[in-house]
Peer 1: 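A single structure is presented below for examination.
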There are 2 protein chains.
Amino acid sequence: MKLFELIDRLGLLLRSSDRRSAARHGLQPIHLQALRFLAQANRYSDTPVAVTEYLGLTKGTASQTLLLLRKKGLLSASPDADDGRKTHLQLTAAGRRVHKDTSPPAPLLAAAKGLGSTAELERDLEGLLRELQRDNDGRSFGICHTCRHFQTQGAGYQCGLTGEPLRRVEIDLLCREHEEPVSGS
Amino acid sequence: MKLFELIDRLGLLLRSSDRRSAARHGLQPIHLQALRFLAQANRYSDTPVAVTEYLGLTKGTASQTLLLLRKKGLLSASPDADDGRKTHLQLTAAGRRVHKDTSPPAPLLAAAKGLGSTAELERDLEGLLRELQRDNDGRSFGICHTCRHFQTQGAGYQCGLTGEPLRRVEIDLLCREHEEPVSGS
DNA sequence: TTCTATCGTATCGACTCGATACTATCATTC
DNA sequence: GAATGATAGTATCGAGTCGATACGATAGAA
């Protein structure tokens, strides 16, 4: 199972690279992961539960991590207008600075340069990812406009699941409710 | 930088999968990583320093992790015959059982099945890996017989760096001193 | 209204992790 | 041989992750 060893080792290297860049900001690797996700999450996915699912933690652990990020001033929180249980999280200016400084890690960027085209590599990894997350928790966290529920509405867009209209900038973000289109469309 | 996001997410899923299977044995993900490495490490690499470098930790942290694995009876340690500073680590029968049960993680195995040939994927990942570890700490931890110092000696093998003869089973193991062959050979 | 599911926080104990300090052994140099 | 420096490993400390458990608050359904 050579493929596993390669991915495993790659993950190890990226993690230790993350550890170093996180340390520059007084953070842990998991904090960078959380910031990366929230920087790309749409309005249905910028909440503690979504972070919990994405990072594969329990909600208690995720809550602690997010609390620390808020305390450090990298995240701000605002209550949902309609649902009193929900909290929406946004990167502050400081949070965006940290995110920009650490994503993607410079070493990987350099490494990819020496590889030429990455198109088929990306296709293969995508396939692997889809299979894995089917097993994991069922959530794919895909990009909004590639979703089964994504609809065009005249000149605009809307989500078929919630019925809400979507702004242009939202359709490229990650969504917790994302589902692969039914095959054969 | 789509490639980064894919690898990042893949690493996250594997890690959380590791976390679950580690928990079944009362362990943390890092313990599985250590066992995986030691199960493949040759006689120059089955020591705490090698684990330290491979996992990208500090030696203090690695020492603690290994101590716990010894306390749990998954690793045994024996002093080096020639160098009083060195300690060699071996998986015990219990350690091998845990390793077999958790490597590779079942979900990945299943995911790879639906992918067909993984040859070019592996080639690409290997290239990426080589670049990354050049940046990281310089050590590639490659397989003995692919090393610049690997030599055949009559019917046997030997390491050109230490001058020691190598047994057949050793030449497929990972080595801390591994160096890519000089190009053009 | 009651029941249940969901969202989020608080607390506890085991463990990771880096930093620092320390011991012991080997290698080099004088 | 003795001093010096490099290498291998351990011990301890504080901050933080992490799962488990418990809890409170809101929402939705029966």
Side-chain angles (χ1 to χ4, degrees), chain A residues 12 15-34 44-72 74-75 77-89 137 139 162 176-177, chain B residues 12 15-34 43-72 74-75 77-89 139 162 176-177:
Chain A
L12 218 49
R15 187 172 170 78
S16 96
S17 156
D18 260 5
R19 185 173 301 284
R20 278 195 296 278
S21 42
R24 287 204 308 270
H25 299 278
L27 299 173
Q28 304 283 330
I30 194 75
H31 297 134
L32 299 189
Q33 302 274 9
Y44 306 123
S45 315
D46 58 352
T47 66
V49 233
V51 173
T52 297
E53 293 166 346
Y54 186 84
L55 297 182
L57 307 173
T58 60
K59 59 180 180 174
T61 301
S63 176
Q64 266 183 310
T65 298
L66 294 171
L67 244 45
L68 186 140
L69 284 172
R70 280 204 256 167
K71 215 176 59 188
K72 296 228 177 194
L74 304 181
L75 286 182
S78 51
D80 188 282
D82 301 323
D83 190 332
R85 297 169 301 178
K86 291 184 184 166
T87 307
H88 294 276
L89 302 163
D137 53 2
R139 303 220 183 247
T162 65
R176 184 193 169 199
E177 307 288 353
Chain B
L12 218 48
R15 187 173 170 78
S16 96
S17 157
D18 260 5
R19 184 172 300 285
R20 278 194 297 276
S21 42
R24 286 205 310 269
H25 299 278
L27 299 172
Q28 303 284 329
I30 194 76
H31 297 134
L32 299 189
Q33 302 274 8
R43 72 173 93 158
Y44 306 123
S45 314
D46 58 353
T47 66
V49 234
V51 174
T52 299
E53 293 167 345
Y54 186 84
L55 298 182
L57 307 173
T58 60
K59 59 179 179 174
T61 300
S63 176
Q64 265 185 310
T65 297
L66 294 170
L67 243 43
L68 187 140
L69 283 173
R70 281 204 256 168
K71 215 175 58 187
K72 297 229 176 194
L74 304 181
L75 286 182
S78 51
D80 188 282
D82 301 324
D83 190 332
R85 297 169 300 179
K86 290 183 184 167
T87 307
H88 294 276
L89 301 164
R139 303 219 183 248
T162 65
R176 183 191 171 200
E177 307 289 354

Peer 1: How long is the line joining OH of A/Tyr44 and P of C/dC7, in whole Å?
Peer 2: 15 Å
Peer 1: Closest approach to the side chain of A/Arg19, judged atom by atom: which nucleotide of C/dG8, C/dC17, D/dT17 is it?
Peer 2: C/dC17
Peer 1: Classify the nucleic acid contact of A/Asp82 as base, sugar-phosphate or nothing, counting any heavy atom under 4.0 Å across all strands shown.
Peer 2: sugar-phosphate
Peer 1: Side chain of A/Thr87 only, heavy atoms from C-beta on: which candidate in C/dG8, D/dC18, D/dT26 is closest?
Peer 2: C/dG8
Peer 1: Picking from C/dC15, D/dG19, C/dC7, which would you name as closest to the side chain of A/Arg176?
Peer 2: C/dC7
Peer 1: Do the side chain of B/Arg139 and the main chain of B/Arg176 share a donor and acceptor less than 3.5 angstrom apart?
Peer 2: yes
Peer 1: Starting at CG of A/Asp80 and ending at P of D/dT26, how long is that distance when rounded to a whole Å?
Peer 2: 13 Å
Peer 1: Which part of the nucleic acid, if any, lies within reach of B/Ser63 when heavy atoms closer than 4.0 Å are counted: base, sugar-phosphate only, or nothing?
Peer 2: base
Peer 1: Below 4.0 angstrom from OP1 or OP2 of D/dC18, is there any side-chain N or O of A/Thr61?
Peer 2: no
Peer 1: Which nucleotide in the set C/dC17, C/dC15, D/dA8 lies at the smallest distance from any side-chain heavy atom of B/Val49?
Peer 2: D/dA8
Peer 1: Between A/Arg15 and A/Arg70, name the one whose nearest nucleotide on DNA chain C is closer to the 5' end.
Peer 2: A/Arg70
Peer 1: Nearest to the side chain of B/Gln64 - C/dG18, D/dC18, C/dG8?
Peer 2: C/dG18
Peer 1: Going from CD on B/Gln33 to CG on B/Leu57, what distance comes out if it is rounded to the nearest 0.5 angstrom?
Peer 2: 10.0 Å
Peer 1: Nearest to the side chain of A/Lys72, which nucleotide is it out of C/dG18, D/dG19, D/dG16?
Peer 2: D/dG16
Peer 1: Could you check how far CG of B/Leu55 sits from P of C/dG18, rounded to whole Å?
Peer 2: 10 Å
Peer 1: Expressed in angstrom and rounded to an integer, what is the separation of B/Glu177 atom CD from D/dT7 atom C1'?
Peer 2: 13 Å
Peer 1: Hey, could you give me the CG/OG1 distance between B/Leu66 and B/Thr87, rounded to the nearest 0.5 Å?
Peer 2: 10.0 Å
Peer 1: Could you check whether A/Arg24 gets within reach of a base, just the sugar-phosphate, or nothing at all, counting any heavy atom under 4.0 Å?
Peer 2: nothing
Peer 1: Base, sugar-phosphate alone, or nothing: which one does A/Lys86 contact when heavy atoms must sit under 4.0 Å apart?
Peer 2: sugar-phosphate
Peer 1: Donor-acceptor check, side chain of A/Ser63 to backbone of A/Lys59, threshold 3.5 angstrom: yes or no?
Peer 2: no
Peer 1: Judged by each residue's nearest nucleotide on DNA chain D, which is more toward the 5′ side, A/Thr58 or A/Lys71?
Peer 2: A/Lys71
Peer 1: Are the side chain of B/Lys72 and the backbone N or O of B/Gly26 linked by a donor-acceptor pair below 3.5 Å?
Peer 2: yes
Peer 1: Without decimals, in angstroms, what is the distance between B/His25 NE2 and C/dC15 P?
Peer 2: 16 Å
Peer 1: Compare the minimum distances between each of C/dC17, D/dT26, D/dA11 and the side chain of A/Asp83, then state the nucleotide with the smallest one.
Peer 2: D/dT26
Peer 1: Whole angstrom is fine here: how far is it from CG in A/Leu68 over to C1' in D/dC18?
Peer 2: 14 Å
Peer 1: Of all the choices, D/dT12, C/dC26, C/dT9, which nucleotide is nearest to the side chain of A/Pro48 once you look at every atom?
Peer 2: C/dT9
Peer 1: Taking the side chain of B/Arg85 as heavy atoms from C-beta outward, which of D/dT7, C/dA10, D/dT17 is closest to it?
Peer 2: D/dT7
Peer 1: Rounded to whole Å, please give me the gap between NZ in A/Lys59 and C1' in D/dG24.
Peer 2: 11 Å
Peer 1: Rounding to an integer number of Å, can you tell me how far A/Leu32 CG sits from D/dG16 C1'?
Peer 2: 14 Å
Peer 1: Among C/dC15, D/dT10, C/dC7, find the nucleotide with the atom closest to the side chain of B/Gln28.
Peer 2: C/dC15
Peer 1: How many angstroms lie between NE2 in A/His88 and CG in A/Leu75, if you round to the nearest 0.5 Å?
Peer 2: 14.0 Å
Peer 1: Under 4.0 Å, heavy atoms only, any strand: does B/His31 hit a base, just the sugar-phosphate, or nothing?
Peer 2: sugar-phosphate
